[in-house]
Structures are given as structure tokens and as C-alpha cells.
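One structure is given here, and the rest of the page talks about it.
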Amino acid sequence: MKDSHVKKGLYALVAALLVALIAAVSMAVTARGTDLAYALSEPVMRPLKGVMTSLVESLERVYGYVYRYDSIMAENAELRARIAELEEDYREYNEIIQENDRFRALLGFKERHAGEDYELEPVTVISWTASNFASTFTINRGSGSGIELHDAVVTADGYLVGIVTGVGNTTATVTTLLDTTMSVGALMEGTGETGIVEGNFALFREEKLRLGYLEGAAGLIIGDTVLTSGRGGTLPGGLVVGYIERLREDPAGGGSYAIVDPAADINSVTEVYVITDFNLN
Amino acid sequence: MTGNRKKTAMRVLAVLPYLMALYFLQGVLFSRMKLFGVTPLVLPLAVCGAAIFSGRVYGCVIGILAGMLCDLSFNEPTIVFTLALALLGLAIGAMAETVLQEGIISFAVTGVLTLVFCAFIQSARLIFIDGAPLNEIADVALRQTAVSLIFAPIVYLVSKFIGKVE
């Protein structure tokens with residue numbers, strides 16, 4: 001029993017010494033401005049705090065994104081609508097510019113033929129033939145607009161495209177120069193030579209014309225302008241048909257002929273003019 | 001109206017939108033956006049399909065309608081292909097009722113022959129009057145036939161479906 005009391009006493013002494021030691025250390029650390037509890041817990045808490053802070057920042061970003069999503073989408077829709085409006089305006093301006101260019105070219109055509117009086121009917125190409133062996137198109141005007149059979153069809157620059165070969169009340173069919181049924185009296189601007197320009201199936205894919213029935217092929221000049229001769233009175237004279245590209249000899253013994261490059265880009269025309277009447281002054 | 005005539009009339013009504021769609025492809029779309037440099041002919045294929053799956057009367061009627069649309073698409077007076085496709089529809093339909101079996105083989109053979117015949121009609125003037133080079137004509141005709149056959153499977157399936165319309 002005495003031993004147990006001694007043991008208890010020893011234990012109490014040790015405990016007291018420990019407390020004193022802790023207090024002393026605490027007082028010493030506190031003296032330096034640092035809380036002991038903090039100092040002991042800091043190595044554990046710091047990484048934990050770092051993780052928590054990162055997590056909170058991520059949540060803040062997500063929250064901000066969600067919160068701003070609707071406003072961003074609304075702004076996006078508004079900008080898209082504005083872009084669509086601007087694109088529509090741009091298309092309209094482009095059409096106006098192109099129309100202006102066509103009118104300028106038409107004015108140039110009229111000035112070049114100042115001595116002649118043309119009545120021109122502006123028309124639009126509404127469809128092309130589906131045949132792979134012909135070259136015709138349909139225009140959006142007919143006899144109701146004064147268009148008649150065999151009227152010449154030209155571009156705004158006055159380049160011959162073809163001739164009206166079928167007329168309805170509101171539409172008409174134009175056979176282009178490339179078609180094999182087409183032939184036009186021709187006059188060389190530089191040499192005065194005459195001949196006949198016609199469509200030819202061998203040249204169909206190349207989109208060229210054949211100039212034959214020449215009085216004298218030796219007089220032809222490469223690059224010379226081929227005009228309509230106006231003989232017969234069906235077509236006005238002086239309309240530009242194309243330019244002589246090269247000379248050939250007919251292997252069948254038919255003499256010389258020339259390949260003519262049409263002045264108009266016939267397969268690409270969309271708006272043309274029908275010469276409904278003409279008078280030479 | 002008897003049962004067969006009524007059935008034919010119903011099928012003609014059912015096929016009108018289909019023919020208009022083919023006309024749009026041939027006469028409007030592909031006349032400007034050529035495939036491999038040529039415009040495919042799809043209306044004559046429809047006549048083949050109609051004749052094989054529905055007989056000569058129906059084939060002749062569809063031939064007339066498709067022929068008119070073909071002439072329209074070619075900017076020609078409505079006569080040449082109207083007559084040609086009507087006769088083709090009648091002939092193919094008569095063969096389908098006797099010797100030909102309904103199926104892809106019959107359709108393919110008659111389709112190719114029809115397209116070659118159409119190319120010949122289109123180029124007859126070039127061959128016999130203008131004296132155009134045969135190699136150039138053959139080149140265009142072959143390309144036109146080959147490109148037109150691209151649409152043969154669709155035309156075959158639609159024709160087969162319409163053939164089952166009661």
C-alpha cells in the first residue's frame with residue numbers, strides 16, 4: 001500500500017514536470033509571436049487548406065460560367081443576327097454594283113453604235129436546254145414585249161450571243177452561236193473579208209465557232225475582230241461576234257476556214273438584251 | 001371505270017409528282033450544273049421502269065407525259081420525245097407482259113437501250129444532215145448514257161414501289 005502511494009506520487013510529479021515543460025516552451029514560442037497550436041498544426045493544415053482553396057476557386061469558376069452562360073448566349077444570338085443583316089446588305093450592294101457595271105457597259109455599246117438606232121429589251125435567262133447536243137436557252141420575255149423571231153440577242157457590251165428562234169407570249173427561245181443550226185454572215189473588221197460564222201459540233205466542247213465560206217483566207221489576220229455583216233437585213237451589221245483564233249485547212253478539200261473565239265462567254269450569260277428594232281442612219 | 005383503268009389512273013396521279021421531280025433534276029438543275037460535262041437524262045429511265053412494272057398501257061401514258069417534259073427541257077416543240085417515249089413505253093410494256101421478267105436485269109438492259117436510243121434521236125440531225133464527226137457524237141452519247149445510269153437505282157426503286165400501288 002505504501003508502494004502504491006509512492007508510485008502515484010511519482011506519476012504526479014512526472015505529469016507536473018511535463019506540464020511545466022510544455023508551458024515553458026509555449027511561453028517561449030509565444031514570445032516570438034507564434035501561437036503554439038498553430039505552429040504544431042500548420043504542417044498538416046497547410047496542404048489541406050491548399051486543396052480546399054483550389055476546390056473553392058474551381059467552384060467559383062463553374063458558378064461564374066453558369067451564371068454568365070445565358071448572357072453570353074444572348075449576346076451571341078444578337079451578334080449572329082447582326083452579321084446576317086450585314087451579309088444581306090453586302091449582297092444587295094454587290095448586286096447594285098453589278099447592275100451599275102452592266103448599265104455602264106450598255107451605255108458604252110450605245111455610244112459605239114451612235115450612228116445606229118437600236119431598241120433594246122433587257123431580258124433574263126431563265127433556263128438552259130438539257131440537251132447535250134444543242135445550245136439554247138429560254139428568256140423571260142416574249143412577243144408581249146415586242147420580241148420577234150430572228151431578233152439578235154447581245155450582251156451589255158454588244159457581243160452577239162444568239163438569235164431568237166422561238167417566241168411565246170411571255171417567253172422566248174434563243175439559239176446561241178454555238179449551236180450547230182446557227183450561221184451568221186460575217187465581216188472581218190481589219191481586212192474587210194466576208195464569210196459565214198457557224199456553230200460546229202467538233203468545236204462544241206471547246207466553245208468555238210467555225211468561220212467558213214471565205215473569199216480569201218490568205219487575207220485573214222489572227223486576232224482580227226469578226227463582226228456581223230448585216231447582209232440580208234435580219235441582223236444589224238457591226239455586232240461583235242468574236243476574234244479569229246487560228247486558221248485551218250479543211251481535210252475534206254473544202255478550202256480554208258478559221259476558228260473563232262466568241263467575244264461573249266455564251267455559256268455563262270444570265271442577263272442579255274434583245275435588239276427588237278434597229279435602223280441604220 | 002373498270003378496275004384496271006382505275007388502277008392505271010391512280011398510278012398516273014401518284015407518279016405526277018415523281019415525274020415533276022425528275023424534270024426538275026433534268027431540265028432545271030443539271031442543265032446548269034452538268035455532271036462530267038453532260039446533263040443526265042432521267043425521264044426516259046422513268047418510262048422504262050413504268051413499263052416494266054406496270055405494263056404497256058401505263059408505260060405508254062407515262063411515256064407521253066415524260067416525253068412532253070423531255071421536249072420542254074430541250075426547248076423543243078412538244079412532239080419528238082413525246083412520240084418516241086410513248087412508243088418506247090408501249091414496246092417495253094408489251095415485252096414486260098410477255099418475255100421480260102420484272103427485275104433489275106430487265107430494267108438495266110431496257111434502260112441502257114432506251115438511253116442509247118434517246119441519244120440517237122438527239123444526234124440524228126448532226127449525223128445525217130450536219131455531217132458532224134461520229135467520234136465526237138459517240139463520246140457525248142456514251143458520257144450522257146453513263147451519267148444517266150447513276151440515277152437508275154433510284155428510278156428502279158421508285159418504279160417498283162409505284163408498280164405495287166393499288
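Note on naming: letters A, B, ... go to the chains in the order of the sequence lines (proteins, then strands), and numbering restarts at 1 for each one.
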* Structure fact -> Residue set satisfying side-chain contact (heavy atoms from CB on, under 4.5 Å) with B:Ala94, at least two apart, ordered chain then number -> B:Arg56

* Asked: With only heavy atoms counted, which part of A:Phe137 is less than 4.5 Å from chain B, the side chain, the backbone, both or neither?
  -> backbone

* **Atom group of B:Phe74 that falls short of 4.5 Å from chain A, counting heavy atoms** => both

* **Under 4.5 Å from a heavy atom of chain B, the part of A:Ala134 involved** => neither

* Where on B:Ile137 is there a heavy atom nearer than 4.5 Å to chain A: the side chain, the backbone, both, or neither? -> both

For a quick check, list the donor-acceptor atom pairs closer than 3.5 Å between chain B and chain A, or say none.
{"unit_1": "B:Arg32", "atom_1": "NH2", "unit_2": "A:Asn267", "atom_2": "O", "d": "2.9"}
{"unit_1": "B:Thr39", "atom_1": "N", "unit_2": "A:Asn132", "atom_2": "OD1", "d": "2.7"}
{"unit_1": "B:Thr39", "atom_1": "O", "unit_2": "A:Asn132", "atom_2": "ND2", "d": "2.9"}
{"unit_1": "B:Ser73", "atom_1": "O", "unit_2": "A:Ala130", "atom_2": "N", "d": "2.8"}
{"unit_1": "B:Phe74", "atom_1": "O", "unit_2": "A:Thr129", "atom_2": "OG1", "d": "3.3"}
{"unit_1": "B:Asn75", "atom_1": "OD1", "unit_2": "A:Thr138", "atom_2": "OG1", "d": "3.0"}
{"unit_1": "B:Asn75", "atom_1": "ND2", "unit_2": "A:Thr136", "atom_2": "OG1", "d": "3.0"}
{"unit_1": "B:Gln122", "atom_1": "NE2", "unit_2": "A:Ser131", "atom_2": "OG", "d": "3.4"}
{"unit_1": "B:Asp130", "atom_1": "OD2", "unit_2": "A:Thr180", "atom_2": "OG1", "d": "3.2"}
{"unit_1": "B:Asp139", "atom_1": "OD2", "unit_2": "A:Arg205", "atom_2": "NH1", "d": "3.4"}
{"unit_1": "B:Asp139", "atom_1": "OD2", "unit_2": "A:Arg205", "atom_2": "NH2", "d": "2.2"}
{"unit_1": "B:Gln144", "atom_1": "OE1", "unit_2": "A:Asn132", "atom_2": "ND2", "d": "2.6"}

* Taking atom CD1 of B:Ile105 as the centre, does the number of heavy atoms from other residues, nucleotides or ligands within less than 6.0 Å exceed 12? -> no

* Asked: Heavy-atom distance under 4.5 Å to chain A: side chain of B:Val28, backbone, both or neither?
  -> neither

* To do: Please round to the nearest 0.5 Å and tell me the distance separating atom CD1 of B:Ile121 and atom CZ of A:Phe133.
  => 11.0 Å

